[in-house]
Amino acid sequence: MAEVVQQLLEQQVDELHDYVASGIFSREEVRHIVRRRRSFEYALRRRQTRKVDFLRCIEYELNVDSLRRRRKDERRIMKKHSSPSEFACTRRIMYTFKRALQKFKGDLRLWLQFFTFCERSNSVKSLGKAYAEALQFLPRQDGLWVKAAAWEWSQNNNIAAARVLMQRGIRINPESKALYKEYLRLELLYLDKIRQRRAILGLPSRNVKKSSASSTDDGASDQDMGSGAVADDALDMSDDDEEDDMSDDDSDDGAQGVDLDRLPDEDDGSSETPSGVGSVPQQDGDVDQFLAGAIPRAIIREVQRQFPTDVDFHMELIPVLRLFDDTADLCEEVYAGLGTSGAALAARCMRPLHDVAAADGTDGAPKEQIDVRLQTVVEKFEHAIENSPAAAVQELHEAFATTFDRLLDNEDYALSVPAQRVLTMCQAIVSSSADKAGSKILQLLVRLTRGNMDASLEERLHVLEMAANTTTQQLNFAAACDFWQDWLALTMTVPRDSYDADAVARFGEACQRVNGALDAVGCNVKDVSRMWVWRCNIDYALLYGTRDCIDTVYKQAIAYCIRRAWARLSMSTSDDELASVVGEYLRWVQQVRGPARARVAYGRVLKEIPFAPRWSLLAAIIAFERALAPVEHARVVPLYEKATAAEGATCAEVWHRYMRYLESTGDIDGAGHVYARAVKTLADPDAFISQHSLDRLQAAQEEQD
């Protein structure tokens with residue numbers, strides 16, 4: 001290894017001499033550069049190389065080159081292009097990148113960094129080879145195909161190579177939507193460029209009948225424009241050795257493209273692109289078809305064939321098409337191929353709004369025009385719902401709800417939405433198929449009912465209850481819980497007098513009604529937490545209940561948490577709920593009945609739990625005791641001892657909190673004894689010891705400050 005490293009360093013002698021002779025670096029700085037390069041070379045040639053070593057070497061060479069350029073400009077040193085130090089750092093960075101990529105061929109981020117360096121250093125030839133090699137090793141990364149094709153189109157003006165890359169990528173990744181979308185954008189860009197060129201030349205945008213001679217001439221001209229071909233020497237097919245890769249040719253500005261012969265082969269022919277996609281126009285009739293958008297149209301049809309049911313992806317093509325002029329017929333092609341599903345029908349219904357957004361944008365379109373278009377959208381939805389096939393009705397309802405829910409969230413359209421008309425449609429949909437109404441249509445109905453100023457409180461409660469019952473019967477517990485929670489929250493807004501025991505009792509019955517509805521369909525206590533029901537019950541009791549009412553509700557909520565924890569045979573989430581409720585209950589009892597009654601209350605809770613109490617519950621009780629004045633040490637220590645007995649082997653926080661408490665009381669010896677017990681008891685004492693040392697260090701710094 002030492003001989004190889006020494007040989008590499010000796011190859012840099014001319015470069016280093018040039019640094020000193022030109023005054024860019026001093027002799028001492030050159031010695032430092034040699035030492036660093038030697039250490040990097042040894043790190044890169046170890047048996048198990050690491051990517052970070054390559055990156056550090058590259059970063060160092062970039063810094064050296066940046067410093068060289070800056071000093072060269074500051075000191076106005078004129079260097080010839082053939083100077084040995086002019087491109088030495090660039091060649092070395094390129095060489096290091098290639099060595100790293102030989103070791104880490106599948107590292108996409110490293111390839112992207114290499115591409116970026118080649119672009120910044122204007123190493124066009126190396127960049128073309130790099131794209132081909134990256135696509136060989138990572139053919140499933142659709143972003144690489146797009147990046148390579150974009151480089152061929154924007155930098156090399158080589159539409160033929162860009163087409164080959166996009167088509168090859170689509171054949172290898174037939175499920176990639178991004179490739180189809182970007183290929184469509186590429187063909188539209190090229191078509192727009194050709195149309196603009198013909199306009200400058202005074203040629204018509206579409207061919208007309210001509211004599212055979214003139215047709216031949218124009219056809220040949222357009223063939224040249226359509227092919228975008230490059231000379232054979234523009235695609236370097238040869239494999240250079242390591243010395244050639246480090247030569248000055250890397251910095252050439254000549255047009256070099258992606259090495260197409262090194263691209264990965266396609267999969268089987270099942271995913272071939274359709275004939276005519278990307279083909280070069282050969283005759284006058286072909287040119288006319290090309291100018292009419294035959295290639296983008298073929299791509300759209302291939303998308304419809306490859307993704308027949310993905311309406312969302314079909315609609316993603318519309319914004320791409322509308323970036324260009326004269327694409328109305330292509331947009332029509334997209335809409336015509338959407339199919340007859342509910343999502344397709346909804347997309348067609350939304351077309352008036354898409355059209356006005358494309359024409360003027362939401363900021364430029366007058367409000368009156370948006371109002372008219374939204375009315376048209378609603379009419380189209382009404383017609384589609386009435387005449388759609390039975391198989392598409394449910395999907396159309398969901399699409400209708402999703403569409404208007406988004407419009408209501410959009411500040412540009414919210415005020416223009418005909419809310420009353422949409423509300424009437426939702427009511428009709430739900431009344432015709434209440435048991436099959438989806439959660440989205442119910443959510444839209446609830447939202448519009450809330451926003452309807454003419455709806456009474458009873459009507460809103462009725463709609464919420466209907467939505468909650470429907471989703472409960474459909475076993476959609478997430479939506480059902482949201483609806484029931486809103487129903488209880490709205491019930492709480494009914495005006496009541498203070499300390500209305502009957503009102504609290506009726507609200508408790510309402511909460512039991514919610515629990516009964518969930519129990520009736522098999523939503524067990526261990527499956528879905530219903531703590532929100534008890535939260536509503538507690539809040540309502542605190543507003544309108546007497547002390548006895550509040551005490552009863554708190555006890556019922558605590559009993560629920562205990563049952564839920566026992567049913568799950570686990571105290572994870574349920575223990576947090578229990579700790580939270582017990583903490584609130586103890587604070588309330590202490591405020592209205594005194595500390596003694598609060599201690600009786602938590603003693604009763606600890607006795608009722610059929611398992612050992614966990615740390616979160618005991619922490620809530622300890623926090624209550626420590627909040628009292630004065631703190632009774634004889635009551636706090638037994639609680640900490642309970643916690644260490646229950647979770648001392650796994651929970652380091654118990655020991656930390658116990659030690660801090662003893663230290664706060666001045667019992668340093670007791671804290672040391674607890675520390676020794678913790679080290680013996682914990683399954684992983686190292687983490688505890690490290691955290692304890694860090695805490696002591698922070699405490700010492702705070703004392704010094």
Side-chain angles (χ1 to χ4, degrees), residues 309 311-312 315 338-354 370-410 413-487 490 517 521:
T309 60
V311 177
D312 291 337
M315 295 304 298
L338 290 177
T340 59
S341 65
L345 295 173
R348 291 194 185 96
C349 293
M350 286 294 294
R351 185 172 182 179
L353 207 57
H354 294 158
I370 295 177
D371 294 344
V372 172
R373 294 301 180 105
L374 280 171
Q375 291 287 350
T376 306
V377 168
V378 175
E379 292 173 359
K380 285 182 173 292
F381 266 112
E382 288 177 341
H383 183 268
I385 291 172
E386 292 175 0
N387 300 280
S388 60
V393 169
Q394 186 70 21
E395 189 178 2
L396 182 58
H397 289 171
E398 295 294 308
F400 166 76
T402 302
T403 298
F404 279 94
D405 199 52
R406 291 175 180 172
L407 289 175
L408 290 171
D409 289 334
N410 191 326
Y413 296 120
L415 297 177
S416 300
V417 172
Q420 188 59 46
R421 192 170 179 181
V422 176
L423 175 60
T424 304
M425 288 181 64
C426 290
Q427 292 171 343
I429 292 171
V430 173
S431 62
S432 62
S433 56
D435 56 335
K436 297 181 181 179
S439 60
K440 291 183 180 178
I441 199 73
L442 292 170
Q443 289 171 356
L444 180 60
L445 175 62
V446 170
R447 180 175 184 174
L448 292 172
T449 304
R450 281 179 177 172
N452 185 9
M453 302 303 295
D454 297 331
S456 63
L457 181 61
E458 288 74 15
E459 291 177 0
R460 298 175 187 176
L461 286 170
H462 172 72
V463 170
L464 273 171
E465 185 176 2
M466 181 271 299
N469 281 320
T470 301
T471 50
T472 301
Q473 294 298 324
Q474 295 172 352
L475 305 184
N476 187 353
F477 297 127
C481 289
D482 290 338
F483 285 133
W484 282 120
Q485 188 170 0
D486 292 342
W487 182 75
L490 190 59
V521 293

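Source: prediction; values computed, not measured. All values below were derived from every heavy atom in this structure, side-chain atoms included, with hydrogens, water molecules and symmetry-related copies excluded.
Atom-to-atom distance recorded for R373:CZ and T376:OG1 is 7.0 Å, nearest 0.5 angstrom. Here the CD atom belonging to Q443 is positioned 7.0 Å from the CG atom belonging to D405, to the nearest 0.5 angstrom. Note that CD of Q427 and CG of L448 are 9.0 Å apart. Values are rounded to the nearest 0.5 Å. The distance from atom CG of L445 to atom CD1 of I429, rounded to the nearest 0.5 Å, is 9.5 Å. Separation of atoms OG1 (T402) and CD1 (I441) is listed at 8.5 Å; rounding is to 0.5 Å. With values rounded to the nearest 0.5 angstrom, L444 atom CG is found 10.5 Å from E398 atom CD.
A donor-acceptor distance shorter than 3.5 angstrom exists from the side chain of N387 to the backbone of H383, with no hydrogens or angles considered.
We find that D409 and R447 are joined by a salt bridge, their nearest charged nitrogen and carboxylate oxygen being less than 4.0 Å apart.
Not counting sequence neighbours, H462 has no partner by the side-chain hydrogen bond (donor to acceptor under 3.5 Å, both in side chains) test. With sequence neighbours left out, the side-chain hydrogen bond (donor to acceptor under 3.5 Å, both in side chains) criterion links Q420 to no other residue.
Contact of the E382 side chain with the R421 side chain is registered, since non-hydrogen atoms from C-beta on lie closer than 4.5 Å. You'll find the side chain of V422 stays beyond 4.5 Å of the side chain of F381, heavy atoms only.
When every heavy atom of G342 is checked against every heavy atom of L396, the shortest pair comes out as O-CD1, 3.5 Å. L374 approaches L407 most closely through the heavy-atom pair CD2-CD1, 3.8 Å. Contact between A384 and C349 at its shortest, heavy atoms only, is CB-SG, 3.8 Å. Across all non-hydrogen atoms, the minimal contact from G339 to A344 is O-CB, 3.6 Å. In terms of heavy atoms, P352 sits closest to K380 at CG-CE, 3.7 Å. Taking every heavy atom of both residues into account, F483 and L464 meet most closely at O-CD2, 4.0 Å.
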Evaluation steps, side chain to side chain contact (heavy atoms under 4.5 Å, CB included), between Q375 and D371: CA-CA 6 Å; Q375 291 287 350; D371 294 344; 5.6 Å; no

